[in-house]
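Letters A, B, ... mirror the listed sequences (proteins, then strands); counts begin at 1. Quantities reported herein were computed from a predicted structural model and do not represent experimental measurements.
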2 protein chains.
Amino acid sequence: MDGPSRPGPSDRAASGHDARWLDADEQRAWRAYLRMQGRLAAALNRQLQLESGLSPADYEVLVHLTDTPEARLRPYELQWALQWEQSRLSHHLTRMRRRGLVEREECSEDGRGAFVVLTEKGRQAITAAAPGHVGVVRRFFFDGFSREEVALLERLSTRILDRLDNADAGPEADPR
Amino acid sequence: MDGPSRPGPSDRAASGHDARWLDADEQRAWRAYLRMQGRLAAALNRQLQLESGLSPADYEVLVHLTDTPEARLRPYELQWALQWEQSRLSHHLTRMRRRGLVEREECSEDGRGAFVVLTEKGRQAITAAAPGHVGVVRRFFFDGFSREEVALLERLSTRILDRLDNADAGPEADPR
DNA sequence: GCAACGTAGATGACGCGTCATTTATTTCCA
DNA sequence: TGGAAATAAATGACGCGTCATCTACGTTGC
């Protein structure tokens, strides 16, 4: 993913969007962010894959399951927790089931639904993967940041998240 | 991707990694960052896809090509600029070529190599896509951030990037 | 009681990204 | 000069994520 940096002519005229170009500062910041996030994600991915055969997505699912007393959740609960698209979750659970990390259990109260249950293998996998993963997160993300910077980062992230949430439900914008 | 939040037992003992757990603040910050980046990437992806049929990856490649006087680059130059894995770039260029966004041209100076050339269709695609893309970046990322916050964000990103770079070349020194 | 609608979840097709491997060419040097 | 090593790039296999669509069960209201 890259940024909206002067793609050719310094055009204007958008399809209802605000099309002010990014200025030099914004452009540098955006590019730095994009590159950072791409490379950080790749590094996390690589480490997890190599050390434990899990993907970041697997890790996330397993974290939520182990965070749950009974280690079992309805898919829609998981979906809510992860904020993933429904079909992504469904596909992913299928793959994890195939690899024995989770199991599917029918739900008696609701004939449409199911439970995702953590298997012993799944528990072992995340237990084994966690320390190394934390280490990498620390090494690349937290080390060298002060408490204030960490706090600020959380605030900025949250602010963007709010915008995204509001946009999803949000104003039908641009009646132009 | 999710975070290293207490996945079961508060283990320690890593394979050479630092395995200190994340404290509550760090955990919140990390989770917020992860969720933000995932959803922001998804939003950018969706917008580009819907409005212009481009992926963020396409966009990036096209930006770099249009930033180049002759609108043609050697794949390895593109790779350097994008910091992508070689095979990712190769696959991606194949797909873009199939869709007529770029063309391949043999390289006379180096029989192994080639040039990636922007096509007219490619130029039109990014010209059409850019305003809307910038709009979304602005709406979700920059609006509501002050100049200082933008600057800070760039600094934090850059700092993480430096770590990633140093890790790639690694403790085993860079011979240059 | 049943039609209309809503909700839980699965599936197929397709583009993307990674690792491992392969092919072709150039460079280096003994 | 000839062979080893390095470099440019492509490819196959495979897991991931998205959209569109589908199935099946539940809920509501007449």
Reading nucleotides 19-29 of chain D from 5' to 3' and marking B where a protein heavy atom lies under 4.0 Å of the base, S where only the sugar-phosphate is that close, and - otherwise, the string is BB---BBS---
Nucleotide [N], atom [atom2] - distance to [atom1] of [X] in whole Å:
X	N	atom1	atom2	result
B:R97	C:dG15	CZ	P	15 Å
B:M96	D:dA9	CE	P	16 Å
A:H92	D:dG15	NE2	P	12 Å
B:R95	D:dA10	CZ	C1'	13 Å
A:F115	C:dA8	CZ	P	13 Å
B:L48	C:dC16	CG	C1'	14 Å
B:L93	C:dC16	CG	P	11 Å
B:R39	D:dT18	CZ	P	12 Å

Encoded 5' to 3' (Watson-Crick or G-U under 3.5 Å; [ ] crossing; | other strand), DNA chain C becomes ||||||||||||||||||||||||||||||
- request: Indicate, with yes or no, if A:V102 and A:V117 share a hydrophobic cluster defined by side-chain heavy-atom contacts under 4.5 Å among Ile, Leu, Val, Met, Phe, Trp and Tyr.
  value: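 A:V117 and A:V102: separate clusters.
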Residues passing the ring-ring contact (aromatic ring centres under 6.0 Å, His included) test with B:H92, sequence neighbours excluded, are B:W84
Sequence neighbours excluded, the answer for ring-ring contact (aromatic ring centres under 6.0 Å, His included) partners of A:F140 is none
A:Q86 backbone acceptor or donor facing A:S90 side chain under 3.5 Å:
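Flag not set: sc A:S90 to bb A:Q86 has no pair under 3.5 Å.
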Hey, is the main chain of B:D143 close enough, under 3.5 Å, to the side chain of A:R163 for a donor-acceptor pair?
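Side chain of A:R163 to backbone of B:D143: a pair is present.
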Taking for B:N45 and for B:T94 the nucleotide of DNA chain D with the nearest heavy atom, the one nearer the 5' end belongs to B:T94
#### Entry: Ion pair B:D23/A:R147, N-O distance below 4.0 Å
yes
Residues A:R28, A:D25: salt bridge by 4.0 Å N-O rule =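 Looking at A:R28 and A:D25, the cut-off is met.
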Give one of base, sugar-phosphate or nothing for A:R104, where a contact means two heavy atoms less than 4.0 Å apart.
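Answer is sugar-phosphate: A:R104 comes under 4.0 Å of backbone atoms only.
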Next on the checklist: Under the criterion side chain to side chain contact (heavy atoms under 4.5 Å, CB included), I'd like the reasoning laid out for B:E149 against A:R159: C-alpha separation, chi angles, the key distance, then a yes or no.
Outcome noted: CA-CA 12 Å; B:E149 284 170 330; A:R159 219 183 300 169; 2.8 Å; yes
According to the interplanar angle, ranging from 0 to 90°, do the rings of A:W30 and B:F141 count as parallel (below 30°), tilted (30 to 60°) or perpendicular (above 60°)?
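Ring orientation of A:W30 relative to B:F141: perpendicular.
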- Check DNA chain D against residues 71-79 of chain B and give the residues with a non-hydrogen atom under 4.0 Å, in numerical order.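 Residues of residues 71-79 of chain B under 4.0 Å from DNA chain D: B:R74, B:P75, B:Y76.
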For B:S55, the side chain to side chain donor-acceptor pair (under 3.5 Å) test, sequence neighbours excluded, returns B:D58
When A:G113 and B:S55 are each assigned the nearest nucleotide of DNA chain C, the 5'-most assignment goes to A:G113
The reported gap from CD in A:Q37 to CG in B:L34 (rounded to nearest 0.5 angstrom) is 10.0 Å
